[in-house]
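Predicted, not measured: the structure shown is a model, and the values here were computed from it. Chain A is the first sequence line, chain B the second, and so forth, proteins listed ahead of strands; every chain is numbered from 1.
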Amino acid sequence: MNTSDSDDDSYNERTALVTSENPVVPSYRPDPDLTPPNDTASKRPRVTRRSGPAAADGGGSDQEVDADEEELTLKYGAKHVIMLFIPVTLCMVVVVATIKSVSFYTEKTDQQLIYTPFTENTTSVGRRLLNSVLNTIIMISVIVVMTIFLVVLYKYRCYKFIHGWLILSSLMLLFWFSFMYLGEVFKTYNLAVDYPTVGVIIWNFGAVGMICIHWKGPLQLQQAYLILISALMALVFIKYLPEWSAWVILGAISIYDLVAVLSPKGPLRMLVETAQERNEPIFPALIYSSAMMWTVGMASPIDAERSGQETDEEAEQSSRGAESESRPSRSFPEEELEEDRGVKLGLGDFIFYSVLVGKAAATGGDWNTTLACFVAILIGLCLTLLLLAIFKKALPALPISITFGLVFYFSTDFLVQPFMDNLAAHQFYI
Amino acid sequence: VYFIFFPGGFAFLPFLWLVNVVWFFREAFIKPAYTEQLQIKTYVKRSAVGLLLWVAVLTTWISIFQHFRAEWGAVGDYLSFTIPLGIP
């Protein structure tokens, strides 16, 4: 594929956008100060309510409340870990399956993104290292610039511009990349498909995707689409980033992530805080939300509209404070209203996790390496979510997982692999 | 939402109709009746009909194409997106 300039710009803006959002793992919503303290009688002992009883209790049974809080926090946390495991696993599975079967994505090509102009075909090791570091610097600076641009736009309320940008980039992802992907898959399996059929398929996939992500749609479909486009993006990265640059970029991005989210002047932190101040959801096209919301046994007639609205609401995460107040009054005609405010993970996180695992699958030894990286990333995700439960603010989701992943990849590739080969060669089972 | 998905499906989007059917199936048929339900039911039914129509058309077209592709010569190649290599 000839990566034209406009393609690069759009999709790297998408990348930049996506990566700029990647560390956003906001704390459980809503903010504790928004929850009304009168929800103690509700049937939903959710974590966010705990601040209610805590506030109401005053000084009395602080210890019990604390213990309860702890328990709820951890239980809550465990559920969300599972809810995030599944999409991350799915994304990685899709990427690895594609890498292993469709050879297009692992073919050596001299085409590179314009963001990584230095080639890695040089003879000496030192030169290659230097080139990859330079590539990384360029890439990271592009991402930083894009992020700051996005945050500035957001601060000055240029919503239309941002929306247009997002729509453009998701359009490109949904149509152009999936077209290429489908073509490659068909070529691999030697199927003949005609243009009309392909046209219908791609048109359907893309159009429903746009509607689902940017407007309304069933939550699971939206999640599925987000996973798919993350996988597509990751595949593009795997194909077009030269070897060593990819690893250095992964490392550099996790450091940048750490800095951008945690430091007080970091652009991502400002983005999250501004969004929280204004009580607005962060753009739906950049964040994966695992929240589910369903009502059981609705009896009142106005619930028909609400069921359409609810998925919209929880998908867009509109001001939760107002919702939670209205919920108790609505729960009388309903038998049970179960609502779970999920955790949100930025799409860039998905992408870079998948890039790591995909690269491991493409260039690493065999399944050992891939599996090791996969496990490492999941462990990192667990830890990050644990920290999230403890700190309750937006945390970068990349650093821990990527560090583990990198460590595991290199150690498995260079230490465990020869070990296992030797063992197998000598038929020595441990 | 369902009343927007339905006309949307006319733009060559049977997938949208499928989403309509699957998503609102429970609302339309399984839940106990309420006033809006009749409207949902009609839309879901119509989407299902449209979907079946499209599935039929696509299946026939694909079977025709796959079967006669080699015989059609140049026209078959022109229509093809990917051409299988090797000996059938």
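Proximity to chain A (any heavy atom under 4.5 Å) is shown, for B:Leu18, by neither the backbone nor the side chain. For a residue to count as touching a neighbouring chain, one of its non-hydrogen atoms must lie under 4.5 Å from one of that chain's; by this rule B:Leu13 touches chain A with backbone and side chain alike.
The minimum heavy-atom distance linking B:Leu16 with A:Asn204 is given by the pair N-OD1, 4.4 Å. Of all the heavy atoms in A:Gly217 and B:Trp23, the pair that sits closest is C-CH2, 3.5 Å.
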Could you walk me through whether B:Phe5 and A:Ile211 pass the side chain to side chain contact (heavy atoms under 4.5 Å, CB included) check?
-> CA-CA 9 Å; B:Phe5 274 13; A:Ile211 292 177; 3.7 Å; yes

Under 3.5 Å, which donor-acceptor pairs do the side chains of residues 46-53 of chain B form with other protein atoms, sequence neighbours left out?
from    : atom 1 : to      : atom 2 : distance (Å)
B:Ser47 : OG     : B:Asn20 : ND2    : 3.0
B:Ser47 : OG     : B:Tyr43 : O      : 2.9

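Under the rule for a ring pair (Phe, Tyr, Trp, His ring centres under 6.0 Å), the partners of A:Phe350 that lie at least two apart in sequence or sit in another chain are A:Tyr288.
Taking CD1 of A:Ile201 as the reference point, atom CZ of B:Phe15 lies at 11.0 Å (rounded to 0.5 Å). The structure places OG1 of A:Thr197 at 6.5 Å from CG of B:Leu58, a figure rounded to the nearest 0.5 Å.
Annotation for B:Phe12: atom CZ does not count as buried by contact number, only 12 or fewer foreign heavy atoms lying within 6.0 Å. More than 12 heavy atoms of other residues, nucleotides or ligands shown are found within 6.0 angstrom of CD on B:Gln39.
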